[in-house]
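Everything below concerns the one structure shown next.
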Amino acid sequence: MELSFYSADVFTERPFGGAQIAVFPAAAGLDPGQMQRIAAELNLPNSVFVVGTEMPDRFQVRIFTPRGEVDFAGQAVLAAAHILVLSGQAPVGGALELLHNFGPVQVRPEAAQGRVGFVQFSHTVYPVIDRFVPAVDELAGILSLERRLLGERDLQPLLVACERPYLILPLRSLEALTQARFNAGAWAGSHAPSMLAQELLLFCRQTESPQANFHARLIGPDIGAREDPPVGAALPAFAAYLAAQPGLRAGTHTFTVERGFDATRKSLLQAEFDKYDQGGLKLRMGGHAVQVIQGTLSLPD
């Protein structure tokens, strides 16, 4: 069995930047076990498998990491939409609906000089927020940092869950964020393992890019010390974190998150959310993507 696939670098306008995502735009006939084995073989942050439906603008997607299936990842949504347009399965400038395990996500790839450019998707989340988190001394030990480097003015650590939970921690500087190292012993000896969150989203207001408002980084017990995984899956939780701040007025708020550095693989994630008293949190998230690889993967019969 021969499968066509592409790789796209997401949240960047140049090849070899951003997050590397594999997309299989015609994955009908694959079972979840095959999808998982392919994702493990490619060993990219996400591999996206797309199955068409009876409607030309609606596609079923399943997203896998090398370790298992996930319900949502912002970088995977953008990569799938970008490749569907490039492969001719979806029109430039038309709206798409990508069906995830939890429901539909509306995506709009914008046209730029006759080609797909900026891609934005909209998504409503219903966050659950818990202010009961480990003490600052415990958190400092988990991050291998001095206590004084945690916290950012009036921002405090929160546990935020949308599709998945994250422990979101503000740090005082970009230097502190890059110096943070996950301490498995401190984690095991703290109250953190009793929480559902197994990933910590670190952020600070200091950035390398002038257009970014925040720099973000994920660490955790299943993330290698040298890894800097994409943060797109955590962006809904981060938007909910910002919306939960007591001094934030109602209305629409826009922000840009930076992940990585110019010398490595920088991503720029652009987002906005609507904060109102009723209903869920309406989130719009977007970025650019660049196709890097087009190839064929052979599966045994």
Side-chain angles (χ1 to χ4, degrees), residues 10-12 18-21 44-46 48 63-79 100-102 105 120-130 133 139 142-143 152 155-171 174 177-178 180 182 192 195-205 207 212-224 227-245 253-260 265-273 280-287:
V10 181
F11 296 123
T12 182
Q20 301 166 281
I21 308 299
L44 294 176
N46 295 124
V48 189
I63 305 168
F64 288 79
T65 73
R67 298 185 183 94
E69 186 173 11
V70 295
D71 286 340
F72 173 82
Q75 61 273 4
V77 173
L78 267 64
H100 293 67
N101 288 343
F102 60 84
V105 172
Q120 185 183 66
F121 70 83
S122 58
H123 184 32
T124 299
V125 296
Y126 299 88
V128 176
I129 298 175
D130 191 347
V133 299
L139 294 173
I142 292 169
L143 302 182
E152 172 63 29
L155 300 176
Q156 301 298 321
L158 292 177
L159 179 66
V160 183
C162 293
E163 280 76 28
R164 58 192 299 184
Y166 294 90
L167 179 56
I168 302 180
L169 307 175
L171 299 182
L174 187 55
L177 189 146
T178 56
F182 182 78
M195 302 184 304
L196 293 176
Q198 293 298 298
E199 293 186 344
L200 294 80
L201 180 67
L202 314 181
F203 77 93
C204 65
R205 286 192 171 102
T207 65
N213 305 105
F214 304 98
H215 189 106
R217 176 188 170 204
L218 281 170
I219 68 171
D222 295 326
I223 299 174
E227 291 184 54
D228 188 11
V231 299
L235 202 63
F238 186 59
Y241 174 93
L242 297 176
Q245 301 307 313
H253 300 269
T254 302
F255 63 97
T256 298
V257 173
E258 165 190 275
R259 192 273 305 181
R265 300 186 65 98
K266 178 180 287 185
S267 298
L268 288 174
L269 298 75
Q270 300 177 41
E272 63 182 22
F273 61 86
L281 184 70
K282 295 183 178 180
L283 172 70
R284 291 169 294 279
M285 174 175 161

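Owing to the predicted nature of the structure, the values given are computational and were not obtained by experimental measurement.
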Any side-chain heavy-atom pair from [X] and [Y] closer than 4.5 angstrom?
X    : Y    : result
H100 : V105 : yes
L159 : V128 : no
T12  : K266 : no
L44  : I21  : no
L167 : V133 : yes
F72  : H123 : yes
L169 : L139 : yes
I142 : L200 : yes

For the student: nearest non-hydrogen atoms of [X] and [Y], plus distance:
X    : Y    : result
P127 : V160 : CB-CG1, 4.5 Å
A237 : I168 : O-CD1, 3.6 Å
F11  : G287 : CD2-CA, 4.0 Å
A19  : P230 : CB-CG, 3.6 Å
A243 : L281 : CB-CD1, 3.9 Å
N46  : T65  : ND2-CG2, 3.7 Å

Handout entry: CD-CG distance between Q245 and L155, expressed to the nearest 0.5 angstrom
Key =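 Taking CD in Q245 and CG in L155, the distance rounds to 5.0 Å.
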Handout entry: Rounded distance (nearest 0.5 Å) linking atom CG of L269 with atom CE of M285
Key =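 Result: 5.0 Å between the selected atoms.
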Practice task
Not counting sequence neighbours, which residues clear side chain to side chain donor-acceptor pair (under 3.5 Å) with E69? List them please.
Solution key: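 With neighbours one apart ignored, the set is R62, N101.
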Problem - Under the side chain to side chain donor-acceptor pair (under 3.5 Å) test, residues paired with E272 that sit two or more places apart - result: T254, R284
Problem - Stepwise ring pair (Phe, Tyr, Trp, His ring centres under 6.0 Å) check, F203 with Y241 - result: CA-CA 11 Å; F203 77 93; Y241 174 93; 5.4 Å; yes
Problem - Option among L235, L268, V231 that satisfies the side chain to side chain contact (heavy atoms under 4.5 Å, CB included) test with R259 - result: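 Per the side chain to side chain contact (heavy atoms under 4.5 Å, CB included) rule, the option paired with R259 is V231, out of L235, L268, V231.
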Which atom pairs, donor and acceptor, lie under 3.5 Å between side-chain atoms of residues 215-223 and protein residues at least two apart or in another chain?
from, atom 1, to, atom 2, distance (Å)
H215, ND1, E258, OE2, 2.5
R217, NH1, L177, O, 2.7
R217, NH1, A180, O, 2.9
R217, NH2, A180, O, 3.1

Practice task
Carefully, step by step, assess M195 and D130 under the rule side chain to side chain contact (heavy atoms under 4.5 Å, CB included).
Solution key: CA-CA 10 Å; M195 302 184 304; D130 191 347; over 6 Å; no
Exercise for the section: Decide side chain to side chain contact (heavy atoms under 4.5 Å, CB included) for L143 and F182; before the verdict, give the C-alpha distance in whole Å, the side-chain angles of both, and the deciding distance to 0.1 Å. Expected result: CA-CA 5 Å; L143 302 182; F182 182 78; 5.9 Å; no
Exercise for the section: Answer yes or no: is there a donor N or O on one side and an acceptor on the other, between the side chain of Q75 and the main chain of G232, under 3.5 Å? Expected result: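 Indeed, once roles are kept as given, a pair shorter than 3.5 Å links the two residues.
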Handout entry: Atom CD1 of I129: over 12 foreign heavy atoms under 6.0 Å
Key =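 It does: I129 CD1 has more than 12 such atoms within range.
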Problem - CA sep, side-chain torsions, deciding dist, call: F214, L242, side chain to side chain contact (heavy atoms under 4.5 Å, CB included) - result: CA-CA 11 Å; F214 304 98; L242 297 176; 4.0 Å; yes
Handout entry: F238 ring center near Y166 ring center (under 6.0 Å)
Key =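 Ring centroids of F238 and Y166 are no less than 6.0 Å from each other.
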